[in-house]
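Below: the structure, in structure tokens.
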2 protein chains.
Amino acid sequence: MTDLQNYLTNHKERFLNELIELLKMPSVSADPAYKKDVLQTADAVKNRLEEAGCSHVEICETDGYPIVYGEKIIDKNLPTILVYGHYDVQPADPIELWTSPPFEPVIKKTDIHPEGAIFARGACDDKGQMYMHVKALEFMTATNQLPCNVKFMIEGEEEVGSVNLATFVKNNHDKLKNDVILISDTGMIAKDVPSITTGLRGLSYVEVEVTGPNRDLHSGLYGGAVANPINVLAKMIASLHDENNHITIPGFYDKVEELPSEERAEMAKAPFSLDAYKKSLDIDAVYGEAGFSTNERNSIRPTLDVNGIWGGYTGEGAKTVIASKAFAKISMRLVPHQEWEEITELFKKHFESIAPEGVKVVVKPHHGGQGYVTPIDSLGYQAASKAYEASFGKKPIPQRSGGSIPIVSLFEQELQSKTILMGFGLDSDAIHSPNEHFGVWNYLKGIETIPLFYKYFTELSK
Amino acid sequence: MTDLQNYLTNHKERFLNELIELLKMPSVSADPAYKKDVLQTADAVKNRLEEAGCSHVEICETDGYPIVYGEKIIDKNLPTILVYGHYDVQPADPIELWTSPPFEPVIKKTDIHPEGAIFARGACDDKGQMYMHVKALEFMTATNQLPCNVKFMIEGEEEVGSVNLATFVKNNHDKLKNDVILISDTGMIAKDVPSITTGLRGLSYVEVEVTGPNRDLHSGLYGGAVANPINVLAKMIASLHDENNHITIPGFYDKVEELPSEERAEMAKAPFSLDAYKKSLDIDAVYGEAGFSTNERNSIRPTLDVNGIWGGYTGEGAKTVIASKAFAKISMRLVPHQEWEEITELFKKHFESIAPEGVKVVVKPHHGGQGYVTPIDSLGYQAASKAYEASFGKKPIPQRSGGSIPIVSLFEQELQSKTILMGFGLDSDAIHSPNEHFGVWNYLKGIETIPLFYKYFTELSK
């Protein structure tokens, strides 16, 4: 047994309890009601970084929630790893679907996690995965095995677009100078199939408002005679996809990277059971863009989904009303080379252009970000691959993720360094959903793998 | 000045204050939270009927809210008028759009109502119009001018489908026996253009639920790969109308009464300004079924409108989620000869049939009712016409309303008597909307016109 495994065995309970304490804080960045909790979480992260051995930790104020920065510089001539993570979490609703309160973490066994999983909002995304890095640092400093310099940048606005992080990065090139950026905010294919995320989708998130009559109307007296904003919104949303589920926004696909068939063939080798997939979601069929597989639809192809819709009477019983307004939140996942600001503009222009007479349409951009790709021949990818091989006993598979971490492409642009996405979560962890959880085994495996990345990256950099 | 006008002048203030007291009671039948208030309102109506001169008043329990019944029988050989009204009101939301609290009535002057209008939920629909009949009875009994027998049936579930009223009527043929039914729950064209509603639309109200994956999903990891219930619902709703705004449900139009061109030409004579209509709603264009005018679209043609829609994240900010479920409340206004149960079935069958693979659809019928037409050569219509002519100084125009009073056709079927719809509200009274109001002038004009109907109906019946 390595001394890392020894250390893990001896401190496992404390590592779990410290994470549970962090998960009790409802740091929901999207909802102003949780402002105090988000700020307290930032303070907690600061303290944990100091305890783990960072020599210099500070709360960096922004126009929004603060960024926690910490560093441990042991030798200017050694490489520097910049660890990025976020301490904010998604809203917990629909709250009624949680089997235990989202901010009262409990460890429960599941089929996939016989060793138990921590159930709580943020367990996997991203408190649990971020905290693996803090505990990995503790091990390396406590045992004098930190092989290089490390910097931590933990933000509180990832779930709402990282607007202020971008400014912070632009204004702190020297402070954030690094040789590789390390992030654990993604997943792996399966516990016995380690994978490294080499691609991320970009994002454009907008909110639309359709206004018809200047007040709610009686549907008997006005029904059929005036444009009903809800019917109109439904028609407009429906028209955004054609019969092959291609997105109909003019110019939307112009810059989409078409993958060579060899690469698509490589992807197709990743273990995937359509039956298990459908069973896990309780659906009788998958759905999506014609001509692409499920794994291609949610990774290498751009998509458009309504994330929320509301209008009119939604209470108990029946109300015969024609609403004055109808609303929807719509997001588009983008692939490398699609410019998110450009796509947002194309959406706005198109959506306004398809509004029928009798209604007014407002499109309000929320936020967005670029897609990203990591070359598998990079130093960072090679070091990560060796680290996984050592801890999992098998080579990891490079994988494109459908998710978005908008700031990754910004990092490359501003800091000229590549990002390595070492994710230890599973698709079944239900991030962004009720009953989000993170396997205890995955948590500990992450803490075991991270120091190996430090070791191999330092060696390969010589 | 007639002694009726005298009486009105002397008691005007009290008549207004009594109505205001009634309007303070939030008798929202759709929302269980108001149960106590609805029941208290029934008691108040009972007391008012007794004070107005009914010799026998009772609260008739049902499986839902009670029906208040009262009568004044002066001579079995004289005709009997059955007055129907309702003491329940629509929900008040969106509450934030009210300029004064919906259940704190205030009298404010408006352009259309320089004499002032009572602003409160239910002011026009239907407490104000129902109470005109109570005060008209008070006048006739107080001055010994009641020319015939009268029965009152005031229910508390009109805004939720009158389910239990139907049972009550079916079980009480003798008690409710009458020669004509009188209802004030509609409007007139304008204060200087009296009109009598000769037609009502039927109604079919359903709620639909579309279920995709068994839980909310991260839109990055699943976006584009599974059916999104909100996008699917939007597509299904959009498909319910074709490019001419005809409803696409197979069989929907089979029994629709096609009006002869002469009757359509008659209707077209009703004073109507499309510009004023658009201006009052702040819309740049009207919208609706091709080949029909605005007044035809909202009266003689059936329609389908979404009254409410909800699903996914509707809070502040952005949440990148694919919802497990999406919902909508949908109502169809029907014209004479369309059977509401049959239309509800056609909708259910069609909506389920257009659900794509990957989702489950549930259609839950709420309630409904038949359309109705009153012949203008009937005794009741003639009496009403003379009454308006006497009080307004001009002949009323027969008018088809787009609204629905589902039980009117049931009355004809069960009690074999025609209903006369003497409405004194205006389209601008914003019933079912924020800031509902009822003109003081209209209220008093109603109280003035009703006894004249009693007089002429009794004379014409001889």
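Letters A, B, ... mirror the listed sequences (proteins, then strands); counts begin at 1.
In this structure, the side chain of A/K319 engages the main chain of B/D93 through a donor-acceptor pair within 3.5 Å. Not a single donor-acceptor pair under 3.5 Å links the side chain of A/N298 to the backbone N or O of B/G223. For the pair A/K329 (side chain) and B/G317 (backbone), a donor-acceptor distance under 3.5 Å is present.
With a 4.5 Å cut-off on non-hydrogen atoms, A/S401 touches chain B through its side chain but not through its backbone. Within the 4.5 angstrom heavy-atom criterion, only side-chain atoms of B/P356, from C-beta onward, approach chain A. Using a 4.5 Å cut-off between heavy atoms, A/P434 touches chain B through its side chain atoms alone. Only the side chain of A/K360 comes within contact range of chain B, with heavy atoms under 4.5 Å apart. If you measure heavy-atom distances from B/Y313 to chain A, the contacts under 4.5 Å come from both the backbone and the side chain. Proximity to chain A (any heavy atom under 4.5 Å) is restricted, for B/E159, to the backbone atoms N, CA, C and O. Interface remark: B/S293 contributes no atoms to any contact with chain A (heavy atom separation under 4.5 Å). At a 4.5 Å heavy-atom cutoff, the contact between B/H366 and chain A is made by side-chain atoms alone. Neither the backbone nor the side chain of A/R301 comes within contact range of chain B, judged by heavy atoms closer than 4.5 Å. Heavy-atom distances place the backbone of A/E289, and not its side chain, under 4.5 Å from chain B.
Note that the CD atom of A/E436 and the CG atom of B/D216 stand 12.5 Å from one another [nearest 0.5 Å]. Note: A/I283 CD1 to B/S324 OG = 10.5 Å, rounded to the nearest 0.5 Å. Separating the NE2 atom in A/H367 from the OG1 atom in B/T320 is a distance of 7.0 Å, to the nearest 0.5 Å. Atom OH of A/Y222 is separated from atom NE2 of B/H432 by 12.5 Å, given to the nearest 0.5 angstrom. The structure places CG of B/N307 at 12.0 Å from OG1 of A/T314, a figure rounded to the nearest 0.5 Å. Distance check: B/D282 CG to A/R215 CZ gives 11.0 Å after rounding to the nearest 0.5 Å.
For B/F327, the ring pair (Phe, Tyr, Trp, His ring centres under 6.0 Å) test picks out B/W310, with sequence neighbours left out.
Between chain A and the options B/P213, B/S219, B/A238, heavy-atom pairs under 4.5 Å are most frequent for B/S219. The candidate with the highest count of non-hydrogen atom pairs below 4.5 Å against chain B, out of A/G402, A/A328, A/A318, is A/A318. Interface check for chain A: of the options B/S433, B/G403, B/G187, B/A225, the most heavy-atom pairs under 4.5 Å are formed by B/A225. Here B/D305 is the residue among B/D305, B/L97, B/T303 with the most heavy-atom pairs under 4.5 Å with chain A. No other option in A/D284, A/V306, A/L217, A/L233 has as many heavy-atom pairs under 4.5 Å with chain B as A/V306. Ranked by heavy-atom pairs shorter than 4.5 Å toward chain A, the options B/L304, B/T294, B/N435, B/I322 are led by B/I322. Note: A/V321 leads A/V321, A/L203, A/V286, A/D427 in heavy-atom pairs under 4.5 Å with chain B. Residue with the most contacts toward chain B among A/A234, A/P302, A/P94: A/A234 (heavy-atom pairs, distance under 4.5 Å). Here A/G220 is the residue among A/G288, A/A430, A/G220, A/A30 with the most heavy-atom pairs under 4.5 Å with chain B. Taking chain A as the reference chain and counting heavy-atom pairs below 4.5 Å, the highest number among B/G224, B/G161, B/G312, B/G212 is found for B/G224. Heavy-atom pairs under 4.5 Å with chain B were tallied for A/S331, A/P32, A/A227, A/G315; the largest tally goes to A/A227.
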Give the C-alpha distance, both sets of side-chain angles, the deciding distance and a yes or no for side-chain contact (heavy atoms from CB on, under 4.5 Å) between B/V226 and A/Y277. CA-CA 10 Å; B/V226 299; A/Y277 185 82; 3.7 Å; yes
Test A/Q90 against B/H218 for side-chain contact (heavy atoms from CB on, under 4.5 Å), laying out the working first. CA-CA 10 Å; A/Q90 278 277 315; B/H218 185 298; over 6 Å; no
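For A/Y34, the OH atom counts as loosely surrounded, since its 6.0 Å shell holds 12 or fewer non-hydrogen atoms of other residues, nucleotides or ligands.
In summary, of the residues considered (A/N245, A/I309, A/I237), a side-chain contact (heavy atoms from CB on, under 4.5 Å) with B/N231 occurs for A/I237 alone.
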